[in-house]
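Hydrogens, waters and symmetry mates are skipped; everything else that's a heavy atom, side chains included, is used.
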Amino acid sequence: MKAYSEAYLEGVVENQGRLFDYVAETFPDKDTEDFINAYMMSKTRKYIDEAQAYVNTMDEKELWKYFCDNEDYHMKSGKAMTGFMPDWIGEFYAYYQWYYNLSSAEILQKIPVDFLKKAYAGLHDLDLELSVQKVGAVS
């Protein structure tokens with residue numbers, strides 16, 4: 001069973017990828033990985049996991065504003081991810097969450113951002129579903 005209706009899937013995947021990319025591009029002197037970790041553990045992302053339509057249909061800028069308004073998070077100094085990596089990581093996590101119907105917080109603990117950064121070269125050119133299947137279900 002998938003996490004929620006497939007009708008939301010494309011939008012959630014694209015918007016999360018765009019969100020991660022937006023943060024990386026908007027804050028080049030801030031730690032993108034720290035943001036991703038905080039976001040994936042957040043109530044905002046939990047609402048998406050639960051298919052709450054209000055949050056599931058937000059674009060990246062609306063998600064960023066909602067996250068900032070509702071979570072106690074402050075960007076940390078550091079280096080932003082570059083290229084297509086933040087977008088791909090966002091899409092991967094969103095699709096993985098839907099495909100295996102696990103919470104985003106649980107996925108982050110089992111598949112850390114650092115793993116995806118290392119796996120990026122071998123996975124990012126594959127179809128997203130194939131990438132998710134190659135990583136496989138984690139228990």
Side-chain angles (χ1 to χ4, degrees):
M1 183 170 144
K2 304 303 183 206
Y4 47 80
S5 170
E6 195 168 350
Y8 289 122
L9 179 62
E10 184 178 340
V12 169
V13 168
E14 286 183 14
N15 290 333
Q16 184 163 291
R18 288 181 187 151
L19 172 64
F20 290 9
D21 192 52
Y22 173 79
V23 170
E25 288 184 10
T26 304
F27 304 101
D29 61 338
K30 302 296 182 188
D31 187 341
T32 308
E33 186 171 341
D34 182 73
F35 162 73
I36 292 170
N37 285 320
Y39 179 78
M40 293 295 291
M41 300 292 288
S42 72
K43 290 178 192 165
T44 301
R45 181 60 214 184
K46 183 176 184 266
Y47 297 151
I48 294 171
D49 292 356
E50 296 169 350
Q52 293 190 20
Y54 177 71
V55 183
N56 274 33
T57 57
M58 290 181 178
D59 69 21
E60 71 274 10
K61 290 180 182 174
E62 292 169 320
L63 268 174
W64 172 247
K65 182 176 180 348
Y66 185 89
F67 177 77
C68 290
D69 289 349
N70 293 286
E71 308 286 345
D72 186 26
Y73 176 74
H74 304 284
M75 296 288 293
K76 293 190 172 141
S77 294
K79 188 172 180 190
M81 289 182 191
T82 58
F84 296 107
M85 188 181 292
D87 182 81
W88 180 82
I89 289 173
E91 290 185 357
F92 179 92
Y93 275 142
Y95 195 89
Y96 194 99
Q97 187 277 322
W98 175 80
Y99 192 85
Y100 289 110
N101 193 15
L102 299 169
S103 75
S104 292
E106 186 178 6
I107 292 166
L108 184 67
Q109 292 173 347
K110 295 177 182 202
I111 306 172
V113 176
D114 194 51
F115 171 83
L116 289 182
K117 286 168 53 179
K118 291 174 185 169
Y120 175 76
L123 293 176
H124 82 280
D125 283 334
L126 300 175
D127 176 76
L128 191 56
E129 184 171 350
L130 183 56
S131 293
V132 163
Q133 290 171 345
K134 284 212 173 271
V135 171
V138 290
S139 55

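- By the 6.0 Å contact criterion, CG on D72 is open, its count of non-hydrogen atoms from other residues, nucleotides or ligands being 12 or less.
- Atom NZ of K46 is surrounded by 12 or fewer heavy atoms from other residues, nucleotides or ligands within 6.0 Å.
- If you take CH2 on W88 and CG on L126, they are separated by 8.5 Å, rounding to the nearest 0.5 Å.
- The closest side-chain donor-acceptor pair between Q133 and Y99 falls under 3.5 angstrom.
- Checking D31, T32, D21 one by one against M81, the side chain to side chain contact (heavy atoms under 4.5 Å, CB included) holds for a single residue, T32.
- The aromatic rings of Y39 and F20 stand perpendicular to each other, their planes meeting at an angle above 60°, with 30° marking the opposite boundary.
- By the 30° and 60° cut-offs, the orientation of the rings of Y100 relative to Y96 is tilted.
- A side-chain donor from one of Y73 and D34 sits under 3.5 Å from a side-chain acceptor of the other.
- Sparse packing is recorded around NZ of K76, with 12 or fewer heavy atoms of other residues, nucleotides or ligands lying under 6.0 Å away.
- Applying the side-chain hydrogen bond (donor to acceptor under 3.5 Å, both in side chains) test to D125 and every residue at least two apart in sequence or in another chain returns nothing.
- Between the side chains of D49 and S103, no donor N or O sits under 3.5 Å from an acceptor N or O.
- For residues 6-19, the salt bridge (charged side-chain N to carboxylate O under 4.0 Å, His left out) pairs, not counting sequence neighbours, are E14-R18.
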